[in-house]
Amino acid sequence: MDAFELFRKLGAGAKFDLKRFGQDAVRFKVQLKHVADDCLFAVLCLTEAGDGKLKDTGGNCISWTSSLEGKIQNLPSEGKEKNSLKRLKHLHQEKVNRIRSQHRINVHGCDVPDPVCTFEELQSEYHLNPRVLQNLRDAGLNSPTPIQMQAIPLMMHSRELLACAPTGSGKTLAFCLPLLTHLQQPANRGFRAVVISPTRELASQTYRELLRLSEGVGFRVHIIDKASLAAKKYGPQSNKKYDILVSTPNRLIFLLKQDPPALNLSSVEWLVVDESDKLFEDGKTGFREQLATVFLACSGSKVRRAFFSATCTPDVEQWCRLNLDNLVSVNIGHRNTAVDTVEQELLFVGTENGKLVAMRDIIKKGFLPPMLVFVQSIERARELFHELVYEGINVDVIHADRTQQQRDNVVNSFRAGKIWVLICTALLARGIDFKGVNLVLNYDFPTSAVEYIHRIGRTGRAGHQGKAITFFTENDKPLLRSIANVIKQAGCPVPDYMIGIKKIHSKVKRRLEKKPPKRSTICTTPRFLMKKKGKAQGRKQTARDEQQGAKKTKEQGLKKKNKTKKDEGTEKHKVTSQKMGSNSSGAELKK
DNA sequence: AAAAAAT
């Protein structure tokens, strides 16, 4: 590295506080005169600008490069100079602290590498492929977001981490770039990186992001879209020419459980758990056990794990502290808060019927599409769709009981702007990045503050402005207080009485998450005109209704759940927490 | 409650 390069690195656009450090800098200039040209130059760059600010030479901050560190170690060390260098280093640390606090980056852990302030630094410091850098530029991504500034260097140093950053703040890129850089070259050893997502829609979004970033680099990025096909592709007979795999957990498990296993994860070096708190959800129907199976399958000794989410439970943090190696946790801003780029409003609608009236009102008054409408169950999504499909607006519905084809079509049409109003379940609550959603409507009250944060996070992304309206009725009172608090914390006005509502027991909160209040059917047809049960009801039956109705009855048989599992579930929970306490060796989330 | 594998 020549002197100019060092100058660039050290001085690059530093908003160096000369008032504060000017004296120091001048002193260094004198003291370091004979130490080394490079260092002298570095210090000069801090003093040269007379106007109190350093000139912006393209970057945004000083980077204490590893190469500089090495250089300084090798310098002839006589007391005076060494001292000066110590001061210089201290100066640098102050700078780093300032950058962190400026971007609200909070880190906990040992030996945390400095944040990077430009993508170019990733090339000089961590050998990011120039083509990837070009792909970033082509995508209009010019500088890293706070989570990227800190999480990328951490992963590049192979550090296991738990990262919490707001919705729409660039978490996906924060783990994708290190994966691409870390793997260096395509290799034929089998998958070396795995990303787990809670929904297929999110998995496919991450997959497409990886494809876009790695274009022209030659990495083989895969997604399991059809498990049956995947079995052939990744099985023992395959050529192992693949690098990164993105999937939902159950599809992986399906392949792992084949005999012989249709997938081998023993070469995995990076396991990224996106929406980690979701994937840690416990219980018979939770993801946790699936995640545990995947962890166990990544049996290589080199495997590193990274957890990302906008929200984090104490449970996840506890687990990470106990099981990850030399954990670093990164938080951007305060944990579990909503973004402040969304204008949030709570709207009292009286009763269930009041919701439909209010919804029609919003539509009638004219709204700026696209809009996302969240309801609490698949059944209610269908009902609301039936009510709105004749309003003369482009409305569609998505939930897990629709076919993969339908789901893909809906997402694509919504992205293309062909759907104005998309009714959805929690399926779309997390991670999905629709550009320019103008309004999120919580038709049904969210089942928790966390759920609320994720839902409204579908708008107001990447610094854009968004709006969220949340309907509530008398029935929603138990959770009103905690949601109102989230809104208040994000800087939006809420009536005082809501904050004053008595706190509910956390046990009740948990129960509400599992069993939201029962709501009356969404239907404007008078009851006495309706048939008793089954089939789509009411006057407005169309071919589309029939299709959905038929599908529903067919699936009802499959979906019947027996109720004897409850005890079994709590038993499992006990085993799990015991295990987590005693087992520090590995990743086991289950026995 | 929702999500998550196929066939």
Side-chain angles (χ1 to χ4, degrees), chain A residues 195-205 223-235 246-259 261-263 273-294 297 309 372-384 397-405 407 411 423-432 442-452 454-455 475-476 478-479 508-519 522 554-555 557-561 563 565-566 569:
Chain A
V195 181
I196 312 278
S197 306
T199 63
R200 305 202 278 254
E201 282 69 17
L202 184 53
S204 112
Q205 179 180 292
I223 185 166
I224 307 179
D225 33 25
K226 274 261 191 300
S228 51
L229 293 176
K232 290 195 192 92
K233 268 201 319 214
Y234 312 127
V246 186
S247 176
T248 49
N250 237 355
R251 288 177 185 226
L252 282 184
I253 289 165
F254 180 75
L255 297 182
L256 293 168
K257 285 197 173 149
Q258 309 276 306
D259 189 24
L263 179 66
V273 181
D274 199 8
E275 305 295 347
S276 45
D277 53 335
K278 180 56 150 183
L279 291 171
F280 262 73
E281 255 176 29
D282 210 345
K284 193 67 190 170
T285 54
F287 278 111
R288 197 182 182 113
E289 208 178 314
Q290 300 173 25
L291 191 60
T293 308
V294 176
S309 186
L372 268 177
V373 181
F374 283 95
V375 292
Q376 75 181 18
S377 71
I378 292 175
E379 193 49 44
R380 287 178 65 77
R382 288 193 184 115
E383 288 169 6
L384 184 57
V397 58
I398 187 168
H399 50 68
D401 273 2
R402 300 205 76 184
T403 64
Q404 185 65 72
Q405 189 61 59
R407 282 164 66 163
V411 168
I423 299 161
C424 61
T425 58
L427 175 72
L428 288 192
R430 282 176 178 256
I432 299 298
N442 288 316
Y443 188 92
D444 288 338
F445 210 64
T447 57
S448 70
V450 165
E451 163 103 352
Y452 176 79
H454 287 278
R455 281 189 189 181
N475 295 335
D476 300 313
L479 276 174
V508 180
K509 249 186 208 173
R510 273 200 297 277
R511 201 169 58 224
L512 278 170
E513 271 186 61
K514 286 186 186 142
K515 253 199 188 341
K518 192 159 168 49
R519 306 184 190 279
I522 304 171
K554 204 174 101 189
E555 281 164 17
L558 292 169
K559 285 199 71 182
K560 275 267 184 284
K561 282 178 185 164
K563 271 184 182 162
K565 291 171 183 168
K566 206 180 161 193

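Worth knowing before you read on, the calculation uses all heavy atoms, side chains too, and leaves out hydrogens, waters and symmetry mates. Reminder, nothing fancy here: chain letters follow the sequence lines and each chain counts from 1. Please read all numbers here as calculations on a predicted model, not as lab measurements.
Listed by chain and residue number, A/F191, A/H222, A/Y242 satisfy the ring pair (Phe, Tyr, Trp, His ring centres under 6.0 Å) test with A/Y234 (two or more places apart in sequence, or in another chain). For A/R407, the side-chain hydrogen bond (donor to acceptor under 3.5 Å, both in side chains) partners at least two apart in sequence or on another chain are A/E201.
For A/P516, the side-chain atoms get nearest to B/dA1 when compared with the rest of B/dA1, B/dA3, B/dA5. Distance from the side chain of A/S377 is smallest to B/dA1 among B/dA1, B/dA3, B/dA5.
Between the NZ atom of A/K232 and the C1' atom of B/dA6 there is a distance of 13 Å, rounded to whole Å. We find that CG of A/L428 is positioned 14 Å from P of B/dA2, with the value rounded to whole Å. Atom-to-atom, CD1 of A/I196 to P of B/dA5 comes out at 10 Å; the value is rounded to the nearest Å. When rounded to the nearest whole Å, the span between NE2 of A/H399 and P of B/dA1 equals 16 Å. One interatomic measurement links the two molecules: CG of A/D225 to C1' of B/dA5, which rounds to 13 Å at whole-angstrom precision. Rounded to whole Å, atom P of B/dA3 lies 9 Å from atom CD of A/E201. Counting to the nearest Å, the P atom of B/dA5 and the CG atom of A/N250 are 5 Å from each other. What separates CZ of A/R200 from P of B/dA2 is a distance of 15 Å, to the nearest Å.
Salt bridge status for A/R382 with A/E379: present, with a side-chain N to carboxylate O gap under 4.0 Å. A/D476 and A/R519 are joined by a salt bridge, as a carboxylate oxygen and a charged side-chain nitrogen come within less than 4.0 angstrom of each other.
Within the 4.0 angstrom heavy-atom criterion, only backbone atoms of the sugar-phosphate kind lie near A/R407; the bases stay farther away.
Dashed line: the shortest gap from a side-chain N or O of A/T285 to OP1 or OP2 of B/dA2 is not under 4.0 Å. Contact between the side-chain N/O atoms of A/T425 and the OP1/OP2 oxygens of B/dA3 is found at a separation under 4.0 Å.
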